[in-house]
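Structure record follows, encoded as structure tokens.
As the structure lists them, so they are numbered: ligands from 1, and atoms in each ligand from 1. Please read all numbers here as calculations on a predicted model, not as lab measurements.
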Amino acid sequence: MVSYSRMHNRAHDLIALEREHGAHNYAPLEIVVSRAEGVWLWDVEGRRYLDCVSAYSALSHGHVHPRIRAALVEQSQRLSLTSRAMYNDQLPLFLERLTSLTGYDEALPMNSGVEAVESALKLARRWGYEVKGIPANTAEIIVFANNFHGRTIAAISASSTAQYRKDFGPFLPGFVFVPFGDAAALERAITPLTCAVVMEPIQGEGGVIVPPDGYISAASALCRERDVLFIADEVQTGLGRTGNLFACDHERVHADILVVGKALGGGFYPVSAILSRRELMGLFRAGDHGSTFGGNPLACAIARTALDVLVEERLPERARRAGEHLFASLRSMTSRHVKEVRGRGLLIGVELDVPARALSEALLARGIVAKDTHENVLRIAPPLVIDDAPLQMIADGMRDALHALETSTD
Ligand SMILES: Cc1ncc(COP(=O)(O)O)c(C=O)c1O
């Protein structure tokens, strides 16, 4: 007789089990991962793959980083959860580390990225009424076409993507849409009712869209002149991914509210936060906003160690160097299907003139996991700890897979 676990320890059984009992709100690649380390994944049959998805930047430190794992294990044996009804001995240390590293006065911890985005939207509206003097319930927040800020009702109300919104209305009022990358359009959209502009400095989910040079600083200067808060959503681009601590740093922009998530959890745990100056964050008073799990001691111990590792292992600098290397290889590839290679650091998008899913599957057959986003774009975003040999594997794999794509579409 075959034991239950052995019987199910095969990819297709597990996929079937998931399909039977889980909602079908994703279309994953056909790989069932059971183990990972650094930049590598192993499937249930023991095959090894290079991870170029990195859980959409949440795995910047690589899988199962030994120091972060040790912090998790140690903390989990002492204290995991208190709620914010009492103080704990980890939250202060995490807050101190996060604010000193980023140059902000105060942080408000949450769990998922979208909860931090929600926190930023609430803080901006409150500032609009209490400080700017916008009449009650009329505040407007400017967002960009093609953005991605998550999946809650607020985030999809702020989205221009039809699929994310379809049949989920009614939507929250108060969002004003402008094209991304057009400073004049942004200027025209600002009114006396505008409390904030929310920007991803590079649109990740939207297909790795990099705005023109100088755009982020122009938008932030415009916000300052017109008494509007500049909110940077760096959930995906932050903490080293683009070759600087934050993507806004490339243009020396210090946002009024900075939203961080994903890599803050070191690849182990959902940890997010907003950061701001004291007067602004002070507009949240006791009881106004919160989360049962936000700022829990386990999350704080993990995130503080993740920040230490990021600094000590120089992850932003490594992302910059590896990104330059990979860019050079990818740009040198001549394929009639490649329209553009773009991005910054280790957030790279390869735009094709055909759906990118076929390229993603061709890479998978070559031991590389990279996923399509927005139909025609393949996103390549490996952990920032990647070194030369796996970088070369991506370049070779892409050359091969593009060649296979050309022959299949001939
Ligand atoms: C820029 C940005 N903001 C917010 C989010 C939402 O984060 P989460 O999925 O952790 O809620 C994402 C997720 O991809 C993101 O890329």
Side-chain angles (χ1 to χ4, degrees), residues 23 25-28 52-60 108-124 141-161 163-165 168 175 180-181 196-211 216 219 230-242 245-248 253 255 257-275 291 293-296 299 302-303 306 343-349 370-374 377 379-381:
N25 56 330
Y26 279 93
C52 291
V53 176
S54 303
Y56 309 116
S57 286
L59 282 157
S60 289
L108 187 160
M110 282 278 148
N111 311 284
S112 64
V114 76
E115 288 170 276
V117 170
E118 288 267 351
S119 307
L121 298 176
K122 287 171 78 173
L123 185 56
I141 295 179
I142 297 178
V143 293
F144 295 91
N146 195 47
N147 73 59
F148 187 83
H149 299 294
R151 303 285 198 161
T152 59
I153 296 281
I156 63 165
S157 298
S159 168
S160 65
T161 304
Q163 188 190 3
Y164 302 157
R165 295 170 61 99
F168 294 135
F175 292 108
F180 186 53
V197 167
V198 188
M199 181 189 286
E200 295 162 271
I202 295 175
Q203 292 186 330
E205 294 303 302
V208 192
I209 310 292
V210 185
I216 303 168
F230 182 76
I231 302 176
D233 179 351
E234 295 239 23
V235 167
Q236 184 158 160
T237 51
L239 301 173
R241 172 60 51 188
T242 68
L245 186 58
F246 293 104
C248 282
V253 166
I257 305 175
L258 179 69
V259 188
V260 288
K262 293 193 192 274
L264 190 56
F268 283 90
Y269 205 82
V271 189
S272 65
I274 59 168
L275 289 139
S291 154
F293 290 94
N296 74 71
I302 291 168
R344 241 193 184 131
L346 280 175
L347 181 58
I348 300 177
K371 195 111 188 343
D372 47 308
T373 179
H374 263 230
V377 181
R379 179 172 33 188
I380 303 178

Write none if no such pair exists; otherwise list each N/O atom of ligand 1 with its protein N/O partner under 3.5 Å and the distance.
{"residue": "ligand 1", "atom": "3 (N)", "partner": "Asp233", "partner atom": "OD1", "Å": "3.2"}
{"residue": "ligand 1", "atom": "3 (N)", "partner": "Asp233", "partner atom": "OD2", "Å": "2.7"}
{"residue": "ligand 1", "atom": "10 (O)", "partner": "Gly113", "partner atom": "N", "Å": "2.8"}
{"residue": "ligand 1", "atom": "11 (O)", "partner": "Gly113", "partner atom": "N", "Å": "3.3"}
{"residue": "ligand 1", "atom": "11 (O)", "partner": "Val114", "partner atom": "N", "Å": "2.9"}
{"residue": "ligand 1", "atom": "14 (O)", "partner": "Lys262", "partner atom": "NZ", "Å": "2.8"}
{"residue": "ligand 1", "atom": "16 (O)", "partner": "Gln236", "partner atom": "NE2", "Å": "2.8"}

Do Ser60 and Arg241 get their side chains close enough for a donor-acceptor pair, meaning under 3.5 Å?
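On atom types as modelled, these side chains qualify, holding a pair under 3.5 Å.
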Sorted by chain and residue number, the ring-ring contact (aromatic ring centres under 6.0 Å, His included) partners of Phe230 (sequence neighbours excluded) come out as none
Please check: side-chain N/O of Arg344 versus main-chain N/O of Ala247, any donor-acceptor pairing under 3.5 Å?
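Absent.
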Considering only distance and modelled atom types, tabulate donor-acceptor pairs under 3.5 Å from the side chains of residues 203-210, sequence neighbours left out.
{"residue": "Gln203", "atom": "OE1", "partner": "Asn146", "partner atom": "ND2", "Å": "3.0"}
{"residue": "Gln203", "atom": "NE2", "partner": "Ala145", "partner atom": "O", "Å": "3.0"}
{"residue": "Glu205", "atom": "OE2", "partner": "Gln236", "partner atom": "NE2", "Å": "3.1"}
{"residue": "Glu205", "atom": "OE2", "partner": "Arg379", "partner atom": "NH1", "Å": "2.8"}
{"residue": "Glu205", "atom": "OE2", "partner": "Arg379", "partner atom": "NH2", "Å": "3.1"}

Does atom OH of Tyr164 have more than 12 heavy-atom neighbours from other groups under 6.0 Å away?
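Atom OH in Tyr164 is packed in, count exceeds 12.
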Please report, to 0.1 Å, the donor-acceptor pairs under 3.5 Å made by any side chain of residues 111-118, with sequence neighbours excluded.
{"residue": "Asn111", "atom": "OD1", "partner": "Gly294", "partner atom": "N", "Å": "3.4"}
{"residue": "Asn111", "atom": "ND2", "partner": "Glu115", "partner atom": "OE2", "Å": "3.2"}
{"residue": "Asn111", "atom": "ND2", "partner": "Ser291", "partner atom": "OG", "Å": "2.9"}
{"residue": "Ser112", "atom": "OG", "partner": "Glu115", "partner atom": "OE1", "Å": "2.9"}
{"residue": "Glu115", "atom": "OE1", "partner": "Ser112", "partner atom": "N", "Å": "2.8"}
{"residue": "Glu118", "atom": "OE2", "partner": "Thr152", "partner atom": "OG1", "Å": "2.9"}

